[in-house]
Amino acid sequence: MDSSSTSPEIAVDASPMLRLYKDGRIERLMGTEVVPPGLDHKTNVDSKDVLYSPENGLSNRLYIPKTTNPGDKLPLLIYFHGGAFCIETAFSPSYHNYLNTLVAEANIIAVSVDYRRAPEHPIPAAYDDSWTALKWVASHSGGNGPENWLNNHADFGKVFFAGDSAGANIAHHMAMRIGKEKLEGFTVTGINLTHPYFWGTEPVGDEIKDLAVTEKIEGVWRMASPGTSGCDDPWMNPLKGPDLAGLGCSRVLVCVAEKDILKHRGCYYYEKLKESGWGGEIEIMESEGENHVFHLFNPTCENAVAMLKRVASFLNQDKA
């Protein structure tokens, strides 16, 4: 018998992330490992998982410095993980390690959001879940929410959103929504977008014009969002969406990496936000010689440590 006749056909090959087969099966090739919460002895940061969406079985992972004293109020970071909307979770080792380290460095409390992933749950599921998570966090602003770490120690006047890659995309869209739909008792001071996953039909800056590369990027996006209009979909290209002047925060830090194919989109976003009439302060940091999300793969390298310290400073700039 011809073995090829029984081999499942690949519908979308998004290696090295995942493969989608024509029979509907999904094979994730990375981002599948998870680690439990708990006290990290290296950073002295504690963590736990708390259900925020019972109907979808989704939890947030909360982080707090073990040295936090009763009555301490800390800046609150809400973090959205990356992975092209398709891989990784809030419980992946790389994100767990990054949040432990950042929480210790910045002396903040953090909520790492887990959301439903494509292609099983196409866009806009990730955005819908992220907004549900924000509403759950905001329910603690009066001090009577279900989770005491947030009730007792989160400063809801100093809230930050952050994320890398697809998570940076989500952070931007959540800040845009905050600009239109205020959450009671919840003030977003700033957002940190690291290597944001934005794209578009027309190249920007010195962006690569390699057809094979652009087709792969568009293919992954269409897999995550089958109903999309393409790479100028406002979810993917923020310059095609609502006016950036409506961004619901007062400060932005964009981090890009020199060798990252997405670098030019991050730089373009920075320039266009400055030109938009938005009244806040925007900064950009470029990591020389580095590629996409290098800080997750090599967190102790010099450039990763420098970026961590820059983000920690950004989160504490307004601390009294």
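Under the 4.0 Å criterion applied to side-chain N and carboxylate O atoms, Glu258 and Lys263 are not assigned as salt-bridge partners. Taking the charged nitrogens against the carboxylate oxygens, Glu218 and Arg222 do have a contact shorter than 4.0 Å, which makes a salt bridge.
Under the 4.5 Å side-chain criterion, counting only non-hydrogen atoms from C-beta, Tyr52 is not in contact with Val111. Using a 4.5 Å heavy-atom threshold, the side chains of Leu99 and Leu77 count as touching. Using a 4.5 Å cut-off on side-chain heavy atoms (C-beta onward), Val137 and Leu76 make contact. By the 4.5 Å heavy-atom criterion applied to side chains, Leu150 and Ile109 are counted as neighbours. A 4.5 Å side-chain heavy-atom check between Ile261 and Ile217 finds at least one atom pair inside the cut-off. Looking at Val50 and Ser59, their side chains never come closer than 4.5 Å, going by heavy atoms from C-beta outward. Counting only heavy atoms from C-beta outward, the side chains of Ser141 and Leu183 never approach each other to under 4.5 Å. No side-chain heavy atom of Tyr270 sits under 4.5 Å from any side-chain heavy atom of Val256.
Within 6.0 Å of the CD atom in Glu302, the count of heavy atoms belonging to other residues, nucleotides or ligands does not exceed 12. Residue Glu275 places its CD atom among more than 12 non-hydrogen atoms of other residues, nucleotides or ligands, all under 6.0 Å distant. Within a 6.0 Å radius of CG in Asp23, more than 12 heavy atoms belonging to other residues, nucleotides or ligands are found.
Using a distance-only test at 3.5 Å, with no hydrogens or angles considered, no donor-acceptor pair links the side chain of His195 to the main chain of His292. Looking at Ser250, its side chain does come within 3.5 Å of a backbone N or O of Thr189 through a donor-acceptor pair. Checking side-chain atoms of Asp46 against main-chain N and O of Leu39 turns up a donor-acceptor pair under 3.5 Å. One N or O on the side chain of Asn152 and one on the backbone of Asn148 form a donor-acceptor pair closer than 3.5 Å. Counting only distance, with no hydrogens or angles, the side chain of Asn192 and the backbone of Leu253 share a donor-acceptor pair below 3.5 Å. Asn60 places no side-chain N or O within 3.5 Å of a backbone atom of Leu62 that could act as its donor or acceptor partner. Side-chain N or O atoms of Asp114 include none that pairs as donor or acceptor with a backbone N or O of Leu58 at under 3.5 Å. A donor-acceptor contact shorter than 3.5 Å is absent between the side chain of Ser313 and the backbone of Lys309. Between the side chain of Thr89 and the main chain of Phe91, a donor-acceptor pair closer than 3.5 Å is present. The backbone N or O of Arg116 sits less than 3.5 Å from a side-chain atom of Asp129, completing a donor-acceptor pair.
By the rule that hydrophobic residues join a cluster once side-chain heavy atoms approach within less than 4.5 Å of another member, Phe297 and Tyr79 end up as members of one cluster. Met223 and Tyr21 end up in different hydrophobic clusters when Ile, Leu, Val, Met, Phe, Trp and Tyr side chains are linked at under 4.5 Å. Put simply, Trp221 and Val204 are part of the same group of oily side chains (I, L, V, M, F, W, Y) that touch within less than 4.5 Å, one to the next. A chain of hydrophobic side-chain contacts below 4.5 Å, direct or via other Ile, Leu, Val, Met, Phe, Trp or Tyr residues, connects Phe186 to Leu247.
Using a 30° and 60° split on the angle between ring planes, Tyr98 and His295 fall in the perpendicular class, above 60°. Between Tyr95 and His81, the ring planes are tilted. Angles from 30° to 60° get that label. Using cut-offs of 30° and 60° for the angle between ring planes, the Tyr127 and Phe85 rings count as tilted.
Between Leu193 and Ala171, the shortest heavy-atom distance links the atoms CD2-CB, 3.8 Å. Summarising the geometry of Trp149 relative to Glu147, their closest heavy-atom pair is N-OE2, 3.0 Å, with the distance given to 0.1 Å. Nearest approach of Leu74 to Pro65, heavy atoms of both residues: CD1-CD, 3.9 Å.
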So His172 and Leu244, side chain to side chain contact (heavy atoms under 4.5 Å, CB included) or not? Walk me through it.
-> CA-CA 10 Å; His172 160 78; Leu244 292 180; 3.6 Å; yes
Decide yes or no on side chain to side chain contact (heavy atoms under 4.5 Å, CB included) for Tyr63 and Leu102, but give the supporting numbers first.
-> CA-CA 10 Å; Tyr63 296 83; Leu102 180 57; over 6 Å; no
Could you go step by step and tell me if Asp40 and Ser47 meet the side chain to side chain contact (heavy atoms under 4.5 Å, CB included) rule?
-> CA-CA 8 Å; Asp40 179 67; Ser47 58; over 6 Å; no
Check the pair Ile78 / Phe80 against side chain to side chain contact (heavy atoms under 4.5 Å, CB included), numbers first and verdict last.
-> CA-CA 7 Å; Ile78 301 170; Phe80 306 97; 3.9 Å; yes
Intermediate values then yes/no, side-chain hydrogen bond (donor to acceptor under 3.5 Å, both in side chains), Trp235 and Ser225 | CA-CA 10 Å; Trp235 289 125; Ser225 183; over 6 Å; no
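Rounded to the nearest 0.5 Å, atoms CG (Leu134) and CZ (Arg177) are 9.0 Å apart. Expressed to the nearest 0.5 Å, how far NZ of Lys73 lies from NE2 of His153 amounts to 8.0 Å. Distance check, rounded to the nearest 0.5 Å: NZ of Lys216 to OG of Ser15 gives 5.5 Å. The CD atom of Glu202 sits 13.0 Å away from atom CG of Leu239, with the distance rounded to the nearest 0.5 Å.
Cation-pi geometry between Arg251 and Phe314 is met: under 6.0 angstrom from the ring centre, within 45 degrees of the axis.
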